[in-house]
Amino acid sequence: MKTANENNKTDKTSLNFIEAIIEEDLKNGKNDSRVHTRFPPEPNGYLHIGHAKSICLNFGLAQKYNGKTNIRFDDTNPTKEEVEYVDSIKEDVQWLGFQWDAEYYASDYFEQLYQWAIQLIKEEKAYVDDSSQEEISKGRGVPTSPGIESPYRNRSVEENLDLFQRMRQGEFPEGSRVLRAKIDMASPNMHMRDPIMYRILYAHHHRTGNEWCIYPMYDYAHGQSDSIEGITHSICTLEFEVHRPLYDWFCKALRIHHPQQIEFARLNINYTVMSKRKLLQLVQEKHVSSWDDPRMPTISGLRRRGYTPESIRNFADTIGVAKRENVIDISLLEFCVREDLNKKALRTMAVLDPVKLIIDNYPADKVEYMTAVNNPENPKDGVRNIAFSHELWIERSDFMEDAPKKFFRLSIGREVRLKYAYIIKCTGIDKDENGNITAIHCDYDPQTRSGMPDSGRKVKGTIHWVSATHAKTAEVRLFDRLFHVPNPDDADEGKTFIDNINPDSLKIINAYTEAEFLHTDVLSNYQFERMGYFCIDKDSTPEKLVFNRTVSLRDTWAKKHT
RNA sequence: UGACCAAUGGUGUAAUGGUAGCACUGCAGAUUUUGGUUCUGCCUGUCUAGGUUCGAGUCCUGGUUGGUCAACCA
């Protein structure tokens, strides 16, 4: 079944530059008119919203052109990769709503890759280099001037074969030798200056264990893995553009199926960071609680925050795909989640910053049950009944002593409607010795209960409330952006993005909520009327619910008055 | 002082040689028992200098600006 949005996407006549390439290939019958993409994460961290862009792109393209998408873990560096990450990545992709056609690992191809390396050695296109890391680095030169050839570059095929086989046997210490492709030390492209294909690493691999002590480099593994899987369009981010000649070189030298590498600009969003290294640092240095801290731009963080898969997919569609560097405004992400949650989230009333409202002319022992709509956007969600009584909790910000004319809420002498209940008129306030308001007094108009003839009377404002005797308390975690500047990397001399962390990104409060919720499953989305969207956190207990604020409601009044 | 890539409103993204459109943001208004939603309107754009063409955001050349590349990372 297609969503309205997906239909729009299909209907639109304009193509992004990748779709244009694919349609051209389809027209020419390239790859037998197949489309086969892949999502190739390295399992060395959790997926973030930038990966979501890539996931939606790769899986979306396959869906659009009746193709396939593999998930392939790029696990060629055993020193950084862990199963924990493999599991989280699979969970996140599926949660986003995608199912891969096949699950592969670059490590599945280690033997084939090794055989191909032997082939290249035999064809004098690869050689074993005994140089030290520093010597190799020095010999490579700099981008503006050519490198120099290694003294080991012209070893005989026999010697190379012998050495490479013994590298695999574990005869040489780590770092003592590498296998290099013999290309061009004078190339203006640094990646073509005899790139390293294999290095010796005595490390335990999460899948192959201790079977190998030589591991292929990304450039030697990625294109061939694509090739083995019959990938047609190998989509990656811009920084791999300079790797493409090498990608092509290996496919040609090996005379194997040659997928087309296409690069697009990675996603950047302001007020956050989007590199695995930085996200890992935030976790390790405990600036956040974990990878799924709701302030993190990780998929697991957004999920815990209350974002829906639909909202993230829609975001990915809306930002588009191009080769231009871009920084997306965080407000677009917020727009997407509000748009989705507005349709789905059940409404409830909760008071986050409470002050007592006493209805003096309402009998102290009386309780009425008011009918409330669960979701005005979806009548099928029905109604519920909520207790109303003599004493209520209301939002402290819904009262103002010296209120401006445009303040449509409570002030002495002014009228306001209590949502789903009566119109009340404020008669006075109680204060403590410090001048803080401890209670607000009012009288209600018994003829204005919702549904009664007089309830249609025009009042400027409507406020939410909960009955003080019936309300329950819940913990509410109010999140704000993790960084207080648009570009966290834009730090003063000697400072880093860590110094730009917003010290007020998390505020924990206790709120009064309605007595009951329709659903209390973790992740259930609610709208606290007039306040924002909240979801139930996994830290909740049967005794006390914990809510995360996903995003506040748009507030045009507050915006103008702060 | 290299190579490669990219330049369209504040932010993204379309226009595939023929009317510069859409979304977000911002502003103004209407509706509203959420200052939400919905609806209406407005603001703001083709980096620059040449060239090709009846016609250039689009093609060509130079410049400018930004990005990427010098891990035995991916």
Side-chain angles (χ1 to χ4, degrees), chain A residues 12-17 20 40-42 44 74-77 79-81 106 129 132-133 136-138 140-147 174-180 187-193 196-201 214-215 217-219 221-222 236-245 263 265 270 276-277 318-336 338-339 342-343 347 349 373 376-377 406-409 417-421 423 448 450 455-456 458-464 527-532 552-561:
Chain A
K12 78 174 183 184
T13 52
S14 65
L15 305 171
N16 66 47
F17 79 102
E42 183 190 11
N44 68 342
D74 229 325
D75 55 352
T76 56
N77 185 359
T79 63
K80 288 186 178 169
E81 295 147 8
D129 194 334
S132 68
Q133 195 162 155
I136 289 178
S137 169
K138 224 176 141 197
R140 198 159 20 222
V142 292
T144 50
S145 65
E174 216 168 276
S176 61
R177 284 180 168 84
V178 292
L179 184 73
R180 289 232 256 172
S187 171
N189 184 338
M190 295 295 288
H191 298 277
M192 300 300 274
R193 321 245 263 227
I196 292 170
M197 294 164 59
Y198 273 94
R199 76 281 213 193
I200 299 171
L201 243 33
I214 54 171
Y215 290 93
M217 299 287 290
Y218 166 86
D219 285 307
H222 200 93
C236 61
T237 46
L238 243 33
E239 65 270 27
F240 291 100
E241 205 154 29
V242 281
H243 293 243
R244 182 162 19 105
E263 310 86 12
N270 56 16
K276 277 202 234 176
R277 202 208 93 228
T318 307
I319 57 177
V321 186
K323 297 195 75 155
R324 180 185 349 172
E325 295 287 334
N326 61 85
V327 182
I328 305 290
D329 200 314
I330 185 76
S331 63
L332 181 61
L333 219 210
E334 293 175 343
F335 166 81
C336 289
R338 284 192 188 110
E339 184 188 40
N342 177 51
K343 291 181 292 192
R347 270 58 169 177
M349 295 200 282
V373 175
E377 304 293 320
K406 289 276 195 180
F407 185 77
F408 300 150
R409 307 173 192 179
R417 184 191 311 272
L418 293 171
K419 180 128 181 161
Y420 298 125
I423 293 173
T448 59
S450 292
S455 71
K458 285 284 176 210
V459 274
K460 281 287 191 185
T462 301
I463 65 172
H464 62 282
Q527 184 196 107
F528 290 175
E529 297 235 22
R530 302 208 303 135
M531 302 308 288
S552 64
L553 250 32
R554 250 183 99 225
D555 191 344
T556 45
W557 190 81
K559 209 176 294 176
K560 270 188 275 190
H561 297 265

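Just so we're on the same page: letters track the sequence lines, and every chain starts at 1.
- For B:rG67, the base has no donor-acceptor partner in the side chain of A:Arg324 [N/O atoms by modelled type, under 3.5 angstrom].
- One can place CG of A:Asn44 at 9 Å from C1' of B:rC73, the figure rounded to the nearest angstrom.
- Here the nucleotide nearest the side chain of A:Pro143, chosen from B:rG2, B:rU34, B:rA71, is B:rG2.
- When the nucleotides B:rA6, B:rU33, B:rU37 are ranked by their closest atom to the side chain of A:Glu377, B:rU37 comes out on top.
- Atoms CZ (A:Phe335) and P (B:rG36) sit 14 Å apart, rounded to a whole Å.
- A distance-only check finds a donor-acceptor pair linking the side chain of A:Arg193 to the backbone of A:Val142 [under 3.5 Å].
- Residue contacts shown for A:Arg140 are limited to sugar-phosphate atoms, with no base heavy atom under 4.0 Å away.
- A donor N or O paired with an acceptor N or O is found under 3.5 Å between the base of B:rA74 and the side-chain atoms of A:His243.
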Between protein and nucleic acid, restricted to nucleotides 15-18 of chain B and to nitrogen or oxygen atoms under 3.5 Å apart, what atom pairs and distances do you find?
residue: B:rU16; atom: O4; partner: A:Leu15; partner atom: N; Å: 3.4

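- At the heavy-atom level, A:Ser331 lies under 4.0 Å from the strands shown only through sugar-phosphate atoms.
- The A:His191 side chain lies nearest to B:rC69 when the options are B:rC69, B:rG12, B:rA23.
- Side-chain atoms of A:Arg417 do not come within 3.5 Å of backbone N or O of A:Thr448 as any donor-acceptor pair.
- With contacts defined as side-chain heavy-atom distances shorter than 4.5 Å, the pair A:Asp555/A:His561 does not qualify.
- Residue A:Arg244 is classed as having no contact, given no heavy-atom separation below 4.0 Å to the nucleic acid.
- Using a 4.0 Å heavy-atom cutoff across all strands shown, A:Ile196 reaches at least one base atom of the nucleic acid.
- Among the atoms of the strands shown, none is found under 4.0 Å from any heavy atom of A:Leu238.
- Between A:Asn326 atom CG and B:rU11 atom P there is a gap of 12 Å when expressed in whole angstrom units.
- Residue A:Glu529 is in base contact, counting any heavy-atom pair closer than 4.0 Å across all strands shown.
- Within the nucleic acid shown, A:Glu325 comes within 4.0 Å of sugar-phosphate atoms alone, with no base atom in reach, counting heavy atoms only.
- Applying the 3.5 Å distance criterion, the base of B:rU37 shares no donor-acceptor pair with the side chain of A:Arg554.
- No donor-acceptor pair closer than 3.5 Å links the side chain of A:Thr237 to the backbone N or O of A:Glu239.
- Between A:Glu42 and A:Lys80, none of the side-chain N atoms (NZ, or NE/NH1/NH2) sits under 4.0 Å from a carboxylate O, so this pair counts as no salt bridge.
- Closest to the side chain of A:Thr556, out of B:rG36, B:rU68, B:rC5, is B:rG36.
- Checked by atom type and distance alone, the side chain of A:Asp74 never pairs as donor or acceptor with a backbone atom of A:Ala106 at under 3.5 Å.
- Ring geometry, A:Tyr218 versus A:His243: the interplanar angle exceeds 60°, so the pair is classed perpendicular (tilted spans 30 to 60°).
- Within the nucleic acid shown, A:Phe17 has no heavy atom closer than 4.0 Å to any nucleic acid atom.
- Anti is the glycosidic conformation of B:rA15, whose angle departs from 0 by more than 90°.
- For the pair A:Asn77/A:Tyr215, no side-chain contact is recorded, criterion being any heavy-atom separation below 4.5 Å from C-beta on.
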Legend entry - nucleotides 42-47 of chain B: protein proximity per nucleotide (B base, S sugar-phosphate only, - neither; heavy atom, under 4.0 Å): ------

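- Note on A:Tyr198: nothing from the nucleic acid sits closer than 4.0 angstrom, heavy atoms only.
- Among the atoms of the strands shown, base atoms are found under 4.0 Å from some heavy atom of A:Gln527.
- Taking atom NZ on A:Lys419 and atom P on B:rU32, their separation rounds to 13 Å, with Å as the unit.
- The A:Pro376 side chain lies nearest to B:rU34 when the options are B:rC72, B:rU34, B:rC69.
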